[in-house]
Engineer: 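One structure follows; several queries about it will come next.
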There are 2 protein chains.
Amino acid sequence: MSLQEATEMTLDNPRETFQQFLTSKGLRVTNQRIAIFDAAYDAEDHYTAEDLLDRSRKIDSSVSRATVYRSLPILVESGMIREVDVGLDNKYYLANRETRTFQAQVIDADNDKIYEVDAPFMEWYGKTVCERLGMEPVAMRLQVTARKINPSKD
Amino acid sequence: MSLQEATEMTLDNPRETFQQFLTSKGLRVTNQRIAIFDAAYDAEDHYTAEDLLDRSRKIDSSVSRATVYRSLPILVESGMIREVDVGLDNKYYLANRETRTFQAQVIDADNDKIYEVDAPFMEWYGKTVCERLGMEPVAMRLQVTARKINPSKD
DNA sequence: TTGGTTGCAAACAATTTGCATCTAA
DNA sequence: TTAGATGCAAATTGTTTGCAACCAA
């Protein structure tokens with residue numbers, strides 16, 4: 001395996017990417033941070049801080065609630081997960097795997113389940129809205145609360 | 001003044017409208033609720049529950065924090081005010097005067113100031129996003145965090 | 001070696017609730 | 001008259017913080 005191949009492999013491995021992020025910021029690579037990262041990046045769906053604590057502890061039982069809360073902003077800043085605050089009781093988080101187009105959230109009004117939906121031209125739309133105020137978008141979110149049209153089947 | 005004129009006047013008066021809402025729901029018209037309503041509907045800008053408590057107390061000093069919190073959902077349900085949760089530390093509220101087109105929120109990333117902006121075709125867009133999931137929109141929100149393009153002047 | 005990191009428990013801040021009292025209808 | 005509404009203070013919930021012990025670099 002060439003050095004170049006090794007480098008590429010490394011960059012393909014999300015955990016390595018996260019470790020490099022930590023190092024580049026002068027932060028330490030601790031067992032707890034790796035356990036929390038693995039739990040956070042593996043998850044299929046949205047999760048709360050408390051969910052993440054449970055999942056992290058299955059990997060490293062020493063993980064504390066405080067460390068989860070202290071790690072979440074780091075994970076978000078690294079771009080490996082996204083934060084989604086839809087105004088429910090707590091904030092939700094989500095692994096940020098391939099997605100690059102803008103995502104909208106649809107919240108089922110009957111069970112608070114969150115769906116992520118591609119909304120590509122949202123980007124342009126947000127920019128338009130900002131222009132009227134002489135501003136430029138830093139982040140944007142379309143959030144739709146909705147209800148199943150035919151609730152016979154759930 | 002005819003009876004018809006009197007009725008029209010009544011319906012034009014927001015406080016009367018709110019009182020009628022209370023009565024129609026079998027809720028009592030109390031001094032505190034009216035004071036809170038007046039404070040809430042008069043406000044020019046967004047406000048928090050705590051802001052509203054201060055404003056209400058200037059009208060009726062007996063208003064308690066608990067009553068403000070208990071009244072807010074009623075005010076929202078009456079349609080006289082709107083709730084805007086942009087994921088900042090607390091929820092914001094806003095008098096809902098004439099507006100009928102869809103509103104987007106632009107949050108200044110530098111000072112957390114919230115701007116309400118008309119976004120009429122959002123309505124259609126939200127519906128489109130929902131259709132893919134076999135749902136219909138109950139409420140929707142476009143929220144854009146943005147920054148002044150030329151921050152020389154604030 | 002040593003400054004960043006951790007777990008713990010206490011602290012916080014926003015909101016909700018139990019209860020005795022009050023009051024609109 | 002009486003069920004709904006209120007004020008107060010205590011409780012709850014999600015999150016943050018101070019601090020002594022710990023450990024990655």
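Each chain gets a letter, A, B and so on, in the order the sequences are listed, and its residues count up from 1.
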Engineer: Any residue in residues 85-93 of chain A with a heavy atom nearer than 4.0 angstrom to DNA chain D? Just list them by number, or reply none.
Structural biologist: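 By residue number: A:N90, A:K91.
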
Engineer: Check step by step if salt bridge (Lys or Arg N to Asp or Glu O under 4.0 Å) holds for B:D110 and B:K148.
Structural biologist: CA-CA 8 Å; B:D110 294 317; B:K148 289 212 175 58; over 6 Å; no

Engineer: Between A:E50 and A:R65, does at least one N-O distance fall below 4.0 Å, as a salt bridge requires?
Structural biologist: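 So A:E50 pairs with A:R65 through a salt bridge.
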
Engineer: Looking at OG of A:S64 and CD1 of A:I36, how far apart are the two atoms once the value is rounded to the nearest 0.5 Å?
Structural biologist: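 Interatomic distance, A:S64 OG to A:I36 CD1, rounded to 0.5 Å: 7.5 Å.
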
Engineer: What's the separation between atom OG1 in B:T145 and atom CD in A:E136, rounded to the nearest 0.5 Å?
Structural biologist: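 Here the rounded value is 13.0 Å.
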
Engineer: Tell me which donor-acceptor pairs under 3.5 Å the side chains of residues 128-135 of chain B have, and how far apart each pair is, sequence neighbours excluded?
Structural biologist:
unit_1 : atom_1 : unit_2 : atom_2 : d
B:T128 : OG1    : B:W124 : O      : 2.9
B:R132 : NH1    : A:D118 : O      : 3.0
B:R132 : NH2    : A:D118 : O      : 3.3

Engineer: Each nucleotide in nucleotides 20-25 of chain D should get exactly one letter: B, S or -. Can you fill that in based on protein heavy atoms under 4.0 Å?
Structural biologist: ---BBS

Engineer: Could you give all pairs that pass the salt bridge (Lys or Arg N to Asp or Glu O under 4.0 Å) test and reach residues 52-61 of chain B, with sequence neighbours left out?
Structural biologist: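 Residue pairs with at least one partner in residues 52-61 of chain B: there are none.
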
Engineer: Could you tell me whether the side chains of A:Q143 and B:Q143 share a donor-acceptor contact shorter than 3.5 Å?
Structural biologist: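 Side-chain D/A pair, A:Q143 to B:Q143: absent.
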
Engineer: Return whichever of B:T48 or A:G26 has its heavy-atom-nearest nucleotide of DNA chain C closer to the 5' end.
Structural biologist: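 That would be A:G26.
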
Engineer: Do side-chain atoms of A:T67 reach the backbone of A:V63 as a donor and acceptor pair under 3.5 angstrom?
Structural biologist: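 No.
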
Engineer: Cation-pi check for A:Y115 against A:K113: NZ or CZ below 6.0 Å from the six-membered ring centre and within 45 degrees of the axis, yes or no?
Structural biologist: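 Yes.
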
Engineer: Using heavy atoms and a sub-4.0 Å distance, could you list which residues of residues 55-74 of chain A are near DNA chain C? By number, please.
Structural biologist: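 Correct list: A:S62, A:V63, A:S64, A:A66, A:T67, A:R70.
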
Engineer: Applying side chain to side chain donor-acceptor pair (under 3.5 Å), can you list everything that pairs with B:Y93, at least two apart in sequence or on another chain?
Structural biologist: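 Here the qualifying residues are B:E83.
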
Engineer: Could you pull out all residues at least two apart from A:D38 that satisfy salt bridge (charged side-chain N to carboxylate O under 4.0 Å, His left out)?
Structural biologist: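 A:D38: salt bridge (charged side-chain N to carboxylate O under 4.0 Å, His left out) contacts with A:R15.
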
Engineer: Give the intermediate values and the outcome of side chain to side chain contact (heavy atoms under 4.5 Å, CB included) for residues B:D85 and B:Y92.
Structural biologist: CA-CA 6 Å; B:D85 185 342; B:Y92 285 83; over 6 Å; no

Engineer: Please enumerate all residues that pass salt bridge (charged side-chain N to carboxylate O under 4.0 Å, His left out) together with B:R141, with sequence neighbours excluded.
Structural biologist: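 B:R141 satisfies salt bridge (charged side-chain N to carboxylate O under 4.0 Å, His left out) with no residue once adjacent residues are dropped.
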
Engineer: Axis-to-axis angle across the helix from C:dT1-D:dA25 to C:dA25-D:dT1, five pairs an end, to 10 degrees?
Structural biologist: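 Comparing the axis at each end, I get an angle of 30°.
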
Engineer: Of all nucleotides in DNA chain C that come within under 4.0 Å of a heavy atom of chain A, which is furthest toward the 5' end and which toward the 3' end?
Structural biologist: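 Footprint of chain A along DNA chain C, 5' to 3': C:dG3 to C:dC8.
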
Engineer: Could I get the full list of salt bridge (charged side-chain N to carboxylate O under 4.0 Å, His left out) partners for A:R28, not counting sequence neighbours?
Structural biologist: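 Salt bridge (charged side-chain N to carboxylate O under 4.0 Å, His left out) check on A:R28 returns nothing, list empty.
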
Engineer: Not counting sequence neighbours, which residues clear salt bridge (charged side-chain N to carboxylate O under 4.0 Å, His left out) with B:R70? List them please.
Structural biologist: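 Counting only residues at least two positions away or on another chain, B:R70 forms no salt bridge (charged side-chain N to carboxylate O under 4.0 Å, His left out).
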
